[in-house]
Amino acid sequence: KEVNTSIEDDRIKSGMVMNLTDIPLEGLPAEGQDAVEQLRRTFPFLANRDVYLGIEGRPTVKDGAFSLDDSHIQFGPLKLPVADVASQLGVSQADIERQISTLLEQQGLTPEDIQVVDGEIVISGSAAS
């Protein structure tokens, strides 16, 4: 329904209110469909109601790739470490971070450093070749 992102101290938090049953699975790639189905099976209490889904962490760059240190995923009132949720869904935290790095590279940036400066995320790096 709406995505909100905030930066506090050195952490970024982004999330949205949504209903898992309203997600049009046919419009998602196979991995996305599997992830939503796994969410529905793992957290059945989230079905058929609006719930906040979010992610937060401290953005960093490790070995030239985007990473979120001390990261958590929030489902409604539940706040869980990303690694735990990722393993429940059959993916790894590294896979999630790799997808973010790929997105940055598609935008023409190879990240070398990420900092929070005056409430803004500053990504420095070199132009991807």
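Computed from a predicted structure; not experimentally measured.
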If you round to the nearest 0.5 Å, how far is [atom2] of [Y] from [atom1] of [X]?
X	Y	atom1	atom2	value
Arg58	Asp10	CZ	CG	4.5 Å
Met16	Asp50	CE	CG	12.5 Å
Met18	Ile23	CE	CD1	3.0 Å
Arg40	Thr21	CZ	OG1	6.5 Å

Residues that Ser14 engages under side chain to side chain donor-acceptor pair (under 3.5 Å), provided they are two or more places apart |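 Testing Ser14 for side chain to side chain donor-acceptor pair (under 3.5 Å), a comparison that skips the adjacent residues, returns Thr5.
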Lys13 meets the side chain to side chain donor-acceptor pair (under 3.5 Å) criterion, sequence neighbours left out, with none
Taken in chain and number order and not counting sequence neighbours, the residues that satisfy salt bridge (Lys or Arg N to Asp or Glu O under 4.0 Å) with Arg41 are none
From the list Arg11, His72, Gln74, side-chain hydrogen bond (donor to acceptor under 3.5 Å, both in side chains) partner of Glu56 resolves to Arg11
### Query
Under a 4.5 Å cut-off applied to non-hydrogen side-chain atoms, are Leu80 and Ile73 in contact?
no
